[in-house]
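Side chains are part of it too, since the values below use all heavy atoms of this structure and drop only hydrogens, waters and symmetry mates. Note that the coordinates shown come from a computational prediction; the quantities given were computed from them, not determined experimentally.
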Amino acid sequence: MASVGATPGRTPQGPGPGEASASFPSSAPVPDPREAEEEEEEEPAEIHLCVLWNSGYLGIAYYDTSDSTIYFMPDAPDHESLRLLQRVLDEINPQSVVTSAKQDENMTRFLGKLASQEHREPKRPEIIYLPSVDFGLEISKQRLLSGNYSFIPDSMTATEKILFLSSIIPFDCLLTVRALGGLLKFMGRRRIGVELEDYNVSVPILGFKKFVLTHLVSIDQDTYSVLQIFKSEPHPSVYKVASGLKEGLSLFGILNRCRCKWGEKLLRLWFTRPTQDLGELNSRLDVIQFFLLPQNLDMAQMLHRLLGHIKNVPLILKRMKLSHTKVSDWQVLYKTVYSALGLRDACRSLPQSIQLFRDIAQEFSDDLHHIASLIGKVVDFEGSLAENRFTVLPNIDPEIDEKKRRLTGLPSFLTEVARKELENLDPRIPSCSVIYIPLIGFLLCIPRLPSMVETNDFEIEGLDFMFLSEEKLHYRSARTKELDALLGDLHCDIRDQETLLMYQLQCQVLARAAVLTRVLDLASRLDVLLALASAARDYGYSRPHYSTRLLGVRIQNGRHPLMELCARTFVPNSAECGGYKGRVKVITGPNSSGKSIYLKQVAKAVNNATERSLVLIDEFGKGTNTVDGLALLAAVIRHWLALGPTCPHIFVATNFLSLIQLQLLPQGPLVQYLNMETCEDGNDLVFFYQVCEGVANASHASHTAAQAGLPEKLVARGKEVSDLICSGKPIKPVKELLKEKQMENCQTLVNKFLKLDLEDPNLDLDIFMSQEVLPAATTIL
């Protein structure tokens, strides 16, 4: 807006300090685009799963709102107990499970049990049954082929679109196709993520991706907790974290040095889906080993810095699809794309024999340069931040430039118009101004005179009264109407045209969404491997070597990654299991000698290095009768030993020395006895924390209790009772303890007598004797 005022003497002057402006934005300091750091919204992710089971095969598809992607698993065989489905549910924790109302009895029973699990974390999913017709094969194919997908260019013909989708979706997997069709039906009906949008706005789908659970190591949730692979702790400030939890001391916690959110997400996925594919494992290790070389440290640090600018691209693409793009989104995308180009240039200088470097060098195509160039040439970041909306740079659209030039020149032009208007007004009016208000137009603004009291007093010949605001009257005059017709609503016209340009730019970006998604996949993979290389460098980890000829695992000087950070000194241990001999290892030794730590460090290696099953048994029988616990342990081990060469690899840590002394296990090459080495130095017991061949001759519980700080008398009494039990003799109470207790009770009774007031008329000696003296006498005599 521009305004002009005049003095009572009718001499035109410039705008006074009291004149208000209300049209176009005032010139505010424009922040540096680098200072306008993006704020990634932590939107709660929702996962909606669709599942079908028929004739022993499972079809699964789910939609993840965090990246607006549909994931599908090709038809996979599953047991009647639906173990594979249970594993999928444990891994993705869906908010809802969609299936056909016409289902097999096993599936119905499974879903009924799932719905009744009130203790399920984070919460039990909603079970949704759709009519079986919604899962028809032909109608499902039609839904898939007729969908509106932003990753498919508009230039594709119908035939090309079918061929393109056929290269992504396995149409020969009939259950999967039906599950995808049912999922699309559910998404359209529930309108996930677009509940408040117009009905013609569809649920955004930015891609289809396949996921598989084959060639993976199966680890249950209890194992993850016991081995401290993950450990959630309450966050000190629950207002800062949506879940109120943070990662505690865990393997994931010490290895997570990822710079981008999606790298951290991928690292967690690798932990929850550990692979047995030797090619994949060696591919990862090649990258880690490369960055562990001292001469590559600077390159690793440079790549890590670039990865810090790789942001939440799926969220931005989703907003573009819904036309909800923010100014900060363009900045984030611009930085992400240019950082990706930096990663590509760096990887082109690295050995192309490493698969990841070759993929980044080849698949980060010139489409990225095209996107960055478009955004850099079109988007006015400083102007966008100043006006808090999308604005374009000069020389992009001549029509917009002309309208902005007019808008910029309005103040001086309106000053001249106000001067001419003042000449035609009543001499009593001291000043006036012409202002421009978006959506309303140009108005003549006149200060309210003392004589203007009633509404009728506002009428001025030749002017149309509009409204009163802040003691100023606003009118339309012939000149302001002429300005409306001549200049129009400049501000809104500019907004509309810039919004159209933004839409065109969004279409250009969405047409290249596939390369952006691939950037995120490869960048997050590089981020994880750089994080693991950094941890390996700091903690001195060594590369494992895989061999198809070794049916087992061989660990030399293995270390527990968490315990060595907490213990003042840590003793490494070696372990070997494979072949026919020593498949069952029984480990004995005193408490606190390191048996459990030994099992944990073995588990971490074996679970990620062999196809063979691994069973860890620790504290078996705890909380049960000693005889019952010993019998159960012996029965379980004998059951596995009966399998012969197919016996799993078993590590047993136990204090049941009777298991060996009573020869409850059969003799043979399958069983190997190990001991945590100790040495008695006088009355002290020294722990070496070293595994050796042999069997412990005692549990040394008294030494452990003494080291834990228990009183000497208590430890001595415990040893005495243990010896009495072993010799079969009766256990008698300690006389000294009885005498001490008797003296205490006598003293208490004497104190009560001394406190009696025999002159008190309310004192009843009979009650005192019956309630105080007689009960105490039983503990004294």
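Checked by atom type, the side-chain pair Q497/D493 shows no donor-acceptor distance below 3.5 Å. For the residue pair T391 / S384, a side-chain donor-acceptor distance below 3.5 Å is found, with atom types taken as modelled. In the model, D78 has no side-chain atom that pairs as donor or acceptor with a side-chain atom of W53 under 3.5 Å. Donor-acceptor pairing under 3.5 Å is recorded for the side chains of S534 and R257.
The main-chain N or O of E160 is found under 3.5 Å from a side-chain atom of T157 such that the two form a donor-acceptor pair. Side chain of E46 to main chain of S66: no donor-acceptor pair is present (N/O by atom type, distance under 3.5 Å, no hydrogens or angles). No donor-acceptor pair under 3.5 Å is formed between the side chain of S68 and the backbone N or O of L206. A donor-acceptor pair under 3.5 Å links the side-chain atoms of N282 to the main chain of L278, judged by distance alone. Side chain of T69 to backbone of D67: a donor-acceptor contact under 3.5 angstrom is found. The backbone N or O of H369 lies less than 3.5 Å from no partner atom in the side chain of S373, so there is not a single donor-acceptor pair. A distance-only check finds no donor-acceptor pair linking the side chain of Q103 to the backbone of T108 [under 3.5 Å]. Using modelled atom types, no side-chain atom of D134 and backbone atom of G182 make a donor-acceptor pair closer than 3.5 Å. With R358 contributing its side chain and Q352 its backbone, the two residues share a donor-acceptor pair below 3.5 Å. Not a single donor-acceptor pair under 3.5 Å links the side chain of K261 to the backbone N or O of C258.
A salt bridge between E264 and R268 is absent, with no side-chain N of the basic residue lying under 4.0 Å from a carboxylate O of the acidic one. We find that E498 and K404 are joined by a salt bridge, their nearest charged nitrogen and carboxylate oxygen being less than 4.0 Å apart.
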(message) Test side-chain contact (heavy atoms from CB on, under 4.5 Å) on D380 and I396; report intermediate values, then the result.
(response) CA-CA 11 Å; D380 180 4; I396 299 299; over 6 Å; no
(request) Just do the side-chain contact (heavy atoms from CB on, under 4.5 Å) check on R143 and L183 with the steps written out, would you? (result) CA-CA 10 Å; R143 286 196 197 105; L183 180 63; over 6 Å; no
(message) For a side-chain contact (heavy atoms from CB on, under 4.5 Å) check, start with the C-alpha distance between H324 and E197, then their side-chain angles and the critical distance, and finish with the verdict.
(response) CA-CA 11 Å; H324 291 168; E197 304 294 332; 2.5 Å; yes
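Residue H370 places its NE2 atom among more than 12 non-hydrogen atoms of other residues, nucleotides or ligands, all under 6.0 Å distant. Atom OH of Y129 is surrounded by more than 12 heavy atoms from other residues, nucleotides or ligands within 6.0 Å. Within a 6.0 Å sphere centred on NZ of K377, heavy atoms belonging to other residues, nucleotides or ligands number 12 at most. The neighbour count for R543 CZ, taken as heavy atoms of other residues, nucleotides or ligands under 6.0 Å away, is above 12. In this structure, E195 places its CD atom where more than 12 heavy-atom neighbours from other residues, nucleotides or ligands lie under 6.0 Å away.
Put simply, the side chain of M320 reaches to within 4.5 Å of the side chain of I316, judged on heavy atoms. Side-chain atoms of L174 and L137, non-hydrogen and from C-beta on, do get closer than 4.5 Å to each other.
Between F151 and F164, the ring-plane angle classifies as tilted under the 30° and 60° cut-offs. Between F230 and F252, the ring planes are tilted. Angles from 30° to 60° get that label. Below 30°, between 30° and 60°, or above 60°: for F208 and F72 the angle between ring planes is between 30° and 60°, a tilted geometry.
Closest non-hydrogen pair, I47 versus I92, comes out as CD1-O, 3.4 Å. Of all heavy-atom pairs spanning L89 and P94, the tightest one is CD2-CG, 3.6 Å. The minimum heavy-atom distance between L52 and A179, with the atom names listed, is CD1-N, 3.8 Å. Shortest non-hydrogen contact noted between K102 and S132 is CB-CB, 3.9 Å.
Judged by the 6.0 Å distance and 45° axis criteria, R518 is not positioned over the aromatic ring of F364. Within the cation-pi definition used here (under 6.0 Å to the ring centroid, within 45° of the axis), R284 qualifies as a partner of W270.
Atoms CG and CZ, from L368 and R512 in turn, are 10.0 Å apart once rounded to the nearest 0.5 Å. Here CD of Q355 is found 8.5 Å from CZ of R525. Values are rounded to the nearest 0.5 Å. In this structure, L266 CG and L526 CG are separated by 11.0 Å, a value rounded to the nearest 0.5 Å. Atom CG of L350 is separated from atom CG of D345 by 11.0 Å, given to the nearest 0.5 angstrom. Between atom CZ of residue F135 and atom OG of residue S100 there is a gap of 5.5 Å, rounded to the nearest 0.5 Å. We find the CD1-CD distance between I192 and Q95 to be 8.5 Å, quoted to the nearest 0.5 Å.
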Show every donor-acceptor pair shorter than 3.5 Å between a side-chain atom in residues 56-63 and any protein atom, with sequence neighbours excluded, or say none if there are none.
unit_1, atom_1, unit_2, atom_2, d
Y63, OH, P204, O, 2.7

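Of the candidates H48, E126, R190, S96 forms a side chain to side chain donor-acceptor pair (under 3.5 Å) with just one, namely H48.
The ring of W330 has its center closer than 6.0 angstrom to the ring center of F390.
Considering only residues two or more places apart in sequence or on other chains, Y338 meets the side chain to side chain contact (heavy atoms under 4.5 Å, CB included) condition with Y334, L341, A372.
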